[in-house]
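Below is one structure, written out as structure tokens, with a few remarks after it.
Order of listing sets the numbers, starting from 1, for every ligand and every atom in it.
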Amino acid sequence: MDAISPGMLRSASVVADGLFATQAAALYERVRRVVPAAEWGVFVPDIEAILRLKRERNAVVLAHNYQTPEIFNTVADIVGDSLALARKAAAVEADVIVLCGVHFMAETAKLMNPDKTVLIPDLRAGCSLAESITGADVRALKARYPGVPVVTYVNTSADVKAESDICCTSGNAVEVVESLGVERVIFLPDEYLARNVAAGTSVEIISWHGKCEVHERFSPEDIASLRRDYPGITILAHPECDRPVVEAADFAGSTAAMASFVARRQPARVALITECSMSDNVALANPEVDFVRPCNLCPHMKRISLPAIRHSLETMTHEVTVPAAVADRARQAVERMVAIGRGK
Ligand code: 13P
Ligand code: SF4
């Protein structure tokens, strides 16, 4: 067999670097309408490095719809709402999953594909809903309402999922609740999502007091002033908003449902009542639609950046693990959802 000289290795790596540079340059076309050229120059070195590292580590990047456009449209291999990310994480064949989203999403990916290494680029990427409730809180509720099944939003820790009968996302919550065939359920932890689910089903809902710090800030007055300023505008709201906000909107649904509403209906002008990056990403996919952007930033989602993703792949940090005793029970709750909740 011919020996491989250091010179040959060097020229192979120069060719590969050139390839990643060409690939990165071509990616600008995908984001040019929302990323100024001057800003793009800052992103390029990290994008090139991430493309190279993904290949070296046999890694894939999963990104939630709230990730910034330079992440969502360039280095991400799989994108979607919480439900899609949970489903698609199960089918990943690469060795490493880098989850660009918040911690509960990385935990869910680990539950769904326990043999893979799951990394989150910043451990501080939490969620106000996940932080609103513990496993002990769920045990106390079950003692108070014996025999009432527990439906838990995926925006929770694995500890909380492990105490639950089934999980749901905003894309399948009513479907999951009704799949149980009971008269009442404990629905945790989002109080506003619980109200929105209660409006769509005759099942009695016992709720918790968790709230999304991003969506709780929208008010019906915001919707009224949008309608005043932009007559004819179509307004879509996430169901983590309070009930009066959802009632004032034209449509409510998960981030995936909002994206597909815009793609299907092509409204002349639209406002997405949700996290800020969502509008950038949906606008890129729908160039004919005019977006008004009365958004709120999620500080947790915004912890994830290109330098953080690069660092994560360079150092293989931060690995997300779930203790086996918790993982088995939490996985069952997520798998029941995936089997039942088709989503909209
Ligand atoms: P979905 O993408 O499932 O609609 O969830 C929104 C959200 O807030 C996730 O943190
Ligand atoms: Fe949690 Fe709300 Fe941020 Fe989603 S947008 S991660 S629900 S705080």
Side-chain angles (χ1 to χ4, degrees), residues 62-68 71-72 76 78-89 99-109 112 120-133 151-157 160-161 167-176 187-194 196-197 208-218 236-242 245-246 249 251-262 272-282 294-304 320 334 337-338 341-344:
L62 270 62
H64 184 260
N65 291 330
Y66 292 162
Q67 290 297 294
T68 50
I71 294 174
F72 188 88
I78 296 171
V79 295
D81 66 349
S82 314
L83 181 60
L85 294 182
R87 282 208 183 111
K88 291 177 184 172
L99 199 301
C100 296
V102 293
H103 193 266
F104 76 79
M105 295 177 178
E107 265 190 349
T108 306
M112 298 307 281
I120 186 158
D122 191 321
L123 269 178
R124 295 168 300 176
C127 170
S128 64
L129 282 169
E131 270 135 43
S132 73
I133 191 159
V151 178
T152 292
Y153 196 29
V154 285
N155 296 38
T156 45
S157 66
V160 167
K161 291 184 176 77
C167 285
C168 73
T169 71
S170 56
N172 61 16
V174 171
E175 212 175 345
V176 167
F187 187 95
L188 308 171
D190 187 338
E191 186 178 336
Y192 293 165
L193 179 63
N196 289 317
V197 170
W208 186 249
H209 50 70
K211 292 184 187 68
C212 162
E213 69 189 84
V214 173
H215 292 96
E216 72 172 339
R217 282 155 58 200
F218 293 108
L236 315 186
H238 195 277
E240 288 170 9
C241 295
D242 198 2
V245 175
V246 166
F251 172 82
S254 70
T255 55
M258 285 195 265
S260 73
F261 181 104
V262 175
L272 306 182
I273 305 299
T274 190
E275 212 275 340
C276 301
S277 293
M278 180 75 190
S279 290
D280 287 336
N281 294 327
V282 181
C295 64
N296 290 322
L297 277 172
C298 173
H300 311 290
M301 288 281 178
K302 264 51 217 183
R303 294 262 182 210
I304 311 299
V320 175
V334 180
M337 164 186 85
V338 170
R342 295 280 150 249
K344 294 198 176 84

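Inclusion of S170 in the set of residues having an N or O under 3.5 Å from an N or O of ligand 1 is warranted. For the pair T169 and ligand 1, the shortest N or O to N or O distance does not fall below 3.5 Å. Backbone and side-chain nitrogen or oxygen atoms of H64 are examined, and one is located within less than 3.5 angstrom of a nitrogen or oxygen of ligand 1.
Residue contacts with ligand 1: M105 is included, with a non-hydrogen atom under 4.0 Å away. Using a 4.0 Å heavy-atom cutoff, V102 is absent from the residues neighbouring ligand 1. Between C212 and ligand 1 there is no heavy-atom distance shorter than 4.0 Å.
What sits closest to atom 6 (C) of ligand 1 on the protein, heavy atoms only, is H238 NE2, 3.4 Å. For atom 10 (O) of ligand 1, the closest heavy atom belonging to the protein is N155 ND2, 3.6 Å. Scanning the protein heavy atoms around atom 3 (O) of ligand 1, the nearest turns out to be S82 OG, 2.8 Å.
A distance-only check finds a donor-acceptor pair linking the side chain of E275 to the backbone of C298 [under 3.5 Å]. At distances below 3.5 Å, not a single donor-acceptor pair connects side-chain atoms of D81 with backbone N or O atoms of T255. At least one donor-acceptor pair closer than 3.5 Å links the side chain of N196 to the backbone N or O of C241. Judged by distance alone, with hydrogens and angles left aside, the side-chain atoms of K161 form a donor-acceptor pair with the main-chain N or O of T156 at under 3.5 Å. Judged by distance alone, with hydrogens and angles left aside, the side-chain atoms of S254 form no donor-acceptor pair with the main-chain N or O of S170 at under 3.5 Å.
A heavy-atom distance below 4.5 Å is not found between the side chains of T274 and N65. Contact check for L123 versus H103: side-chain heavy atoms found under the 4.5 Å cut-off. Side-chain contact between L83 and M337 is present, with heavy atoms from C-beta onward closer than 4.5 Å. You'll find the side chain of V282 stays beyond 4.5 Å of the side chain of M258, heavy atoms only.
The distance from ligand 2 to the heavy atoms of Y66 drops below 4.0 Å at these ligand atoms: 5 (S). Proximity to E240 (heavy-atom distance under 4.0 Å) selects the following atoms of ligand 1: 6 (C), 7 (C), 8 (O). Taking every heavy atom of D81 and a limit of under 4.0 angstrom, the matching atoms of ligand 1 come to 1 (P), 2 (O), 3 (O). Close contacts of ligand 1 with S254, meaning ligand atoms under 4.0 Å from a residue heavy atom, involve 4 (O).
By the disulfide bond (SG atoms under 2.5 Å apart) test, C127 is found to be paired with no residue, residues two or more places apart in sequence or in another chain being considered.
Ring geometry for H215 against F218 counts as tilted: the plane angle lies between 30° and 60°, on a 0 to 90° scale.
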request  = Determine, stepwise, if the pair M301 / V214 fulfils side-chain contact (heavy atoms from CB on, under 4.5 Å).
outcome  = CA-CA 11 Å; M301 288 281 178; V214 173; over 6 Å; no

inquiry  = Before you tell me yes or no, could you show the steps for Y153 and S82 under side chain to side chain donor-acceptor pair (under 3.5 Å), namely the whole-Å CA-CA distance, both residues' side-chain angles and the distance that decides it to 0.1 Å?
reply    = CA-CA 10 Å; Y153 196 29; S82 314; 5.7 Å; no

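No part of N65 comes within 4.0 Å of ligand 1, judged by heavy-atom distances.
Near-neighbour remark for atom 1 (Fe) of ligand 2: protein N, O or S atoms under 2.8 Å are C127 SG; waters not counted.
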